[in-house]
Structure formats: C-alpha cells, structure tokens
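Structure first, then comments.
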Amino acid sequence: MSHEEVMKIARKRGFLWSSFEIYSGVAGFVDYGPLGALLKNKIMNKWREYYIIKEGFYEMESPTVMPEEVFKASGHVDHFNDPMTQCKECKEVYRADHIIEEITGRDVEGLENQKLTEIISEEKIRCPRCGGHLTHVWSYNLMFQTLIGAKGKKIGYLRPETAQGIFTPFKRLLRFFRNKLPFGVVQLGKAYRNEISPRQGVIRLREFTQAEAEIFVNPKEKTHPRFHTIKTEKLRLHPAENQEKNKKPITITAGEAVEKGIISSELLTYHLWLAKKFLVDIGIPEEVIRFRQHLPTEMAHYAIDCWDVEIKTNRYGWIEIIGIADRTDYDLKSHSEHSKEDLKVFIEYEKPKIIKKETIQAKMDKIGPKFKKDAAKIIKALEGLDPKIVKKELKENGQFKLELDKTYTLLEEDLEFKEVEKTIKGERIFPHVIEPSFGIDRIIYSLLLHSYKKEDGRTYFNFPVDIAPVEVAVLPLINKEKLVQLALNIKEDLRNNGFIAEFDASGTIGRRYARIDEIGVPFAVTVDHQSLKDHNVTLRDRNTTKQVRIPIKELTKTLEDLLKRRKKFQDLSHSYKIQN
C-alpha cells in the first residue's frame, strides 16, 4: 500500500500526527494520537511477552539523562557522529551520505568525510533547496547535550540508546542474578538523537522509543538451549559478502547459517529468528522481511557481527527496524576502565584445573638487608611479573630494573625461579553481550503500511486481533432508545471485563461498519430488535465480514477466546451458524 494513502488515514483516524502543528511543527517529532498510543502499547506489551515472559529476562528502567562520563566510556562522545555538509548560500544543513545517495544512487554509508567531500565535488552535487555550493563534510555528534544542576557545571546528554542504562548498574544486576551467566535484561523507553535533517517522518525521529535486550553470556558459550528447535527455520539473509559482490539475498535454515559461518553464533542466529517471529506475530508479512549484515565499513565500533532486520517499503525501499549485534565485551570493559570498578564475572570450571606455573621468588637473605623497609612492596610486586621478561632482562643486562614509586635494581643473586603447581577453580572474565534493539516507531510504521487493505470496495487495517487498538465495537442497529441502552450496557460490561470496547450509534450500520473497519477493529457486536426478545446479538468478523448470532451471556467468554487467539472466528461454526 502507498505511503501517502496510509499516512493520510493514520492522520485522519488518530494514529500519528506531526507534533506542535499549531506552531508550524518541528521535524523529527511525532504525536501518537488515541489509536496510535493504544497500538504502540499493544506492540510493546507483545514485545514484553516475548522477551520477559517467554525468554525469562527481567525489565529495568534507567534515567534518560546521563552524565558525560557514561558516554565517554561507551564511545558515543568520540564515535557517535554523522557526516554533515551545509549550503554556503542558504545555510541549510544536510547529512552528506544521504544527499549523495539521493542524488546519485550510490551507497556511500561508512565512507570517511574526505571521500564524501570528494564525491560531492566530482558529482557536482548542489543544495537541493537553492542550488548553492555545499561545504566540505565534517563530523556532527548526534547526542543532545544538556547541563545538570543549577550551577550547570556538569555536562550531561539525553541518552541515544537505552543500553548504557543497563551496563552501568551491571554489578547490581549480576548480584540480582546470583552471579550466574547467562542472563538477560531489557529496557523499553525513549532515546534521543539530534538528527541533521530528519525528512522521513516516523522513519527518522529525534525522539523515539526503543525496546532493547542486553544478554550477558560467557564468551565461550554463545549457544541457546532451544536452538535445536529452530534449526530448520528459514531466514532470508543478505550477508556482507553478497552485498560486496552485488549478489542477491539467500534463504537458508538457521542451522545452515551457523554451520557455514554466515552468522557468528547460535545465540545471534536464534535472536534473528526470534525477531522475525515477533514481527510476523504482530502482523508484518514474512515476505517483506530480510536480514542484512553490516558491511565492514559500517560495523559499529563495539560489534564483531551485526545484522539489521529490514522491511521493504514502497517509498523508502528497505528500511532498518531492528538491529541485532554481538557487542562483545566492549561496553563492560570500557566502563570498568573508566570507572575503575571491577565488572568481571567469576566463571567456575566444572572441574578445578591443576596448572604448573613458573614464579619469581625473592631470596629473603638478599632482599631484606639490601632494601630494608622497601623489601615488602618489592616482594609483592614480583608476584605480578612475567618470569620470562625478568629472565630475559637479567640475561641481557645482568640486572632487572623494577619500576615502582622509584626504580629498584635487582640482580640474579636476589631472585630464584621455581615451578609450582596451582589449583585453579575458575577465572574472571568480562561477559560478552548479544543485543537485539527494536525501533518501536519504525515497527509501527511498517505495521500500518503492510496491514492496510483495500478490497471489495472497502478499506481496513488487518491488525492481528490482539494487536488492534480497539478490540470490539458495540453498535445498535438503529438509533432507538431501547437498542441504544442495551448496547451501552453491553459495552460497559465488556469494559468492566477488561476489553477496549467502543460504542457508535451515528449513521447507517453500513457506514459504522466501514468506520470501525478503517481503524482495524476486529469484531463488532450489533444489537437489533430481536436482541430485546431473545438476548442474542450479532458478532461480526472484520476480515471476512461474516456474522454469527450469539447469546449475550456468552459474549465475554467468546471474545476472550478470540482476542487471546485461543479460537478463530471460523471455529465458532462448531457452536453457532455462521452467516455471510
């Protein structure tokens, strides 16, 4: 379905609106109207169902404003940049790689600023707005900066991702999970990126919602206990090698992707499959989903393997809506170095290991008299030295210089080298992190685009029943007092039982069906004159427009079964007569 048509309906019916419209709006911000907010919450709760309930992860919430130290450690201060160029005449700014791609069709993502400047010059690319010359390309940091506190001396940033809010309290999380790997922590919330020129609506926002999972694992055990159950599931992959050779995507099983080394681990592959399963579950067709591996030039500084889950659109082509990365130990190691906190995990071996180790030992009869009160710290320092290095220096120079608060010169006669047996019960390591990162706003756009249907002279959103913003509409056949009152009573009863139910008595019944179809309401309950006599109502299915007559007393249980996908509408034929 066309972008323009879907967005027109989305604006008209209260899904998505441009923010601050009465002040001419600001690019990169969007309001979720009444239906949009309901839809968004349904999708986020479905995500929680997948990752919290089914995968067994726990959710946490961290501040959206963080001190500069966090982002220096994470690399965002130095690396979170986009290439920027500006028109010398009208001063309009553009993201350099995007403007080159739009005008020439060349994929230049990941190229250095100097190369982008050369391409702009070679291709004679001018300002799309006024035709003026563009400046050289420079790096522009995407984080919103702020000042913390009344004195304004502490620099902070609005978080560009939710992940860092999980890494910084890692020590507490580790205790919560009883010091055992693997474990997963999720966070859903706002993130902020001060995009240079957000001109793609919901696709490129300055404030957006992320749903991220950080899965902490032993680097040597990137497996999943249920991988065997999905080995034969097919994935449509676009590996980096295929992209570089202009080859088409391939469709292979999850098992083959791991065996052939296309995806780096079982665990990463499992989460690609899980992301696809989630998208299909919320109503995005499988045929518009693919997985594209990051090219070496675009791989994030923290990742060893990263795949984008992309959706095909008629306006923007393939767009990324989810990123799934192996972040290695970059974040925890970097935060450990910057904070001076030990963020390692002790991994206990199944069986203790006995190892032989060469050690350096001080000859007390030499070291004591020679260095007196400094002897103790010299002896302690010797424990951390590599015997090979000390031996080499003694052989080459006849002495070893130990650098502490001052330099101590040790001779061969001061030391002895012994091989000792040591029992090792485990080791301390930095966990690796697998991160599925979902862009909720882009997912909502993709769902609106691919669930909008036009057929048989009517339009409707084909939302899955448990994702639809409004679950049931209660309609009196005509606007008569007794029918209206019964319909209102039914609506109130449904709401009291937890359903999102609406009432509509305006216009013909056909027009009301069209209105609720257009916003994707899966079921309609129609009250007619016969309902006053036999206490039955008509239940209508959105997709097929088929109807069934059902007792009012059984309505709540029937709708509950339908909306929780325990039954399909056609299953009602076992108990009731379905009518076209």
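By convention here, the first residue in the shown sequence is residue 1.
Heavy atoms from other residues, nucleotides or ligands lying under 6.0 Å from CD of Glu286 number 12 at most. The environment of OH in Tyr58 is sparse: at most 12 heavy-atom neighbours from other residues, nucleotides or ligands sit within 6.0 Å. By the 6.0 Å contact criterion, CZ on Arg511 is open, its count of non-hydrogen atoms from other residues, nucleotides or ligands being 12 or less. Within 6.0 Å of the CZ atom in Arg226, the count of heavy atoms belonging to other residues, nucleotides or ligands exceeds 12. Environment of NZ in Lys190: crowded, with over 12 heavy atoms of neighbouring residues, nucleotides or ligands closer than 6.0 Å. Taking a 6.0 Å sphere around CD of Glu241, one finds it holds 12 or fewer heavy atoms contributed by other residues, nucleotides or ligands. The environment of Gln579 atom CD is dense: over 12 non-hydrogen atoms of other residues, nucleotides or ligands sit within 6.0 angstrom.
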Evaluate the criterion side-chain contact (heavy atoms from CB on, under 4.5 Å) for residue pair Phe80 and Phe71; output intermediate values, then yes/no. CA-CA 9 Å; Phe80 199 61; Phe71 297 114; over 6 Å; no
Begin from the C-alpha positions of Glu435 and Ile324 and carry the test side-chain contact (heavy atoms from CB on, under 4.5 Å) through to its verdict. CA-CA 6 Å; Glu435 178 195 68; Ile324 304 176; over 6 Å; no
What's the verdict on ring-ring contact (aromatic ring centres under 6.0 Å, His included) for Phe216 and Phe177, showing C-alpha distance, side-chain angles and the deciding distance? CA-CA 11 Å; Phe216 299 93; Phe177 286 99; 8.5 Å; no
Taking it one step at a time, do His335 and Gln164 satisfy side chain to side chain donor-acceptor pair (under 3.5 Å)? CA-CA 10 Å; His335 281 300; Gln164 300 307 319; 2.7 Å; yes
Side chain to side chain donor-acceptor pair (under 3.5 Å) between Arg292 and Gln243, intermediate numbers included: CA-CA 9 Å; Arg292 187 186 70 82; Gln243 297 171 59; 3.0 Å; yes
Could you walk me through whether Tyr452 and Asn462 satisfy the side chain to side chain donor-acceptor pair (under 3.5 Å) test, starting with their C-alpha distance in whole Å, then the side-chain angles of each, then the deciding distance to 0.1 Å, before giving a yes or no? CA-CA 6 Å; Tyr452 186 66; Asn462 182 26; over 6 Å; no
Report the C-alpha distance between Arg193 and Glu207 in whole Å, list the side-chain angles of each, state the deciding distance to 0.1 Å, and finish with yes or no for salt bridge (Lys or Arg N to Asp or Glu O under 4.0 Å). CA-CA 7 Å; Arg193 297 180 184 180; Glu207 177 186 277; over 6 Å; no
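Not one N or O on the side chain of Glu101 forms a donor-acceptor pair closer than 3.5 Å with the backbone of Asp107. No donor-acceptor distance shorter than 3.5 angstrom exists from the side chain of Asp456 to the backbone of Arg458, with no hydrogens or angles considered. Of the possible polar contacts, none joining the Asn45 side chain to the Lys42 backbone as a donor-acceptor pair under 3.5 Å is found. Using a distance-only test at 3.5 Å, with no hydrogens or angles considered, a donor-acceptor pair links the side chain of His450 to the main chain of Lys312. Proximity of a side-chain donor or acceptor of Asp493 to a complementary backbone N or O of Asn489 within less than 3.5 Å is not detected. Arg542 contributes a side-chain N or O that, together with a main-chain N or O of Phe463, makes up a donor-acceptor pair within less than 3.5 Å. In this structure, the side chain of Asp504 engages the main chain of Ser506 through a donor-acceptor pair within 3.5 Å.
Taken from NE2 in His98 to CD in Glu109, the straight-line distance is 6.5 Å, to the nearest 0.5 Å. Within the model, atoms OG of Ser19 and CZ of Arg206 stand 12.0 Å from one another, a figure rounded to the nearest 0.5 Å. To the nearest 0.5 angstrom, Thr556 atom OG1 is 4.5 Å from Asn497 atom CG. From Ser446, atom OG reaches atom CG of Leu279 across 8.0 Å, with rounding to the nearest 0.5 Å. The CG atom of Asp561 sits 14.5 Å away from atom NZ of Lys568, with the distance rounded to the nearest 0.5 Å. Here Ile311 contributes atom CD1 and Ile289 contributes atom CD1; the two are 4.5 Å apart, rounded to the nearest 0.5 Å.
Ring planes of Trp47 and Tyr51: parallel class, angle under 30° (limits at 30 and 60°). A tilted orientation is assigned to the rings of Tyr330 and Tyr302, their planes being inclined by 30° to 60°. Ring pair Phe278/Tyr50 is perpendicular by interplanar angle, where above 60° counts as perpendicular and below 30° as parallel. The aromatic rings of Phe569 and Phe523 sit parallel to each other, their planes meeting at less than 30°, with 60° as the upper class boundary.
Under the side-chain hydrogen bond (donor to acceptor under 3.5 Å, both in side chains) rule, Glu502 has a single partner from Arg515, Arg495, Lys491, which is Arg495. Under the side chain to side chain contact (heavy atoms under 4.5 Å, CB included) test applied with His224, the options Leu268, Ile215, Leu267 reduce to a single match, Leu267.
Salt bridge absent: Arg236 and Glu287 never bring a charged side-chain N and a carboxylate O closer than 4.0 Å. Taking 4.0 Å as the cut-off between side-chain N and carboxylate O, Asp517 and Arg540 count as a salt-bridged pair. Ion pair Asp82/Arg95 flagged as a salt bridge, since at least one NZ, NE, NH1 or NH2 atom sits closer than 4.0 Å to an Asp/Glu carboxylate oxygen. Looking at Asp326 and Lys222, a side-chain N of the basic residue comes within less than 4.0 Å of a carboxylate O on the acidic one, giving a salt bridge. Under 4.0 Å is where a charged nitrogen must lie from a carboxylate oxygen, and between Arg327 and Asp331 at least one such pair does. Electrostatic pairing of Lys54 and Glu49 counts as a salt bridge here, judged by a charged N lying under 4.0 Å from a carboxylate O. A salt bridge links Asp466 with Lys46: at least one charged nitrogen is closer than 4.0 Å to a carboxylate oxygen. In summary, Glu4 and Lys8 do not engage in a salt bridge, as defined by a charged side-chain N under 4.0 Å from a carboxylate O.
Using a 4.5 Å cut-off on side-chain heavy atoms (C-beta onward), Tyr157 and Tyr192 make no contact. A heavy-atom distance below 4.5 Å is found between the side chains of Met60 and Ile166. A heavy-atom distance below 4.5 Å is found between the side chains of His3 and Asn314. With contacts defined as side-chain heavy-atom distances shorter than 4.5 Å, the pair Val345/Phe430 does not qualify.
Summarising the geometry of Ile262 relative to Gln293, their closest heavy-atom pair is O-NE2, 3.6 Å, with the distance given to 0.1 Å.
Taking the six-membered ring for Trp and the full ring otherwise, the centers of Phe183 and Phe176 sit at least 6.0 Å from each other.
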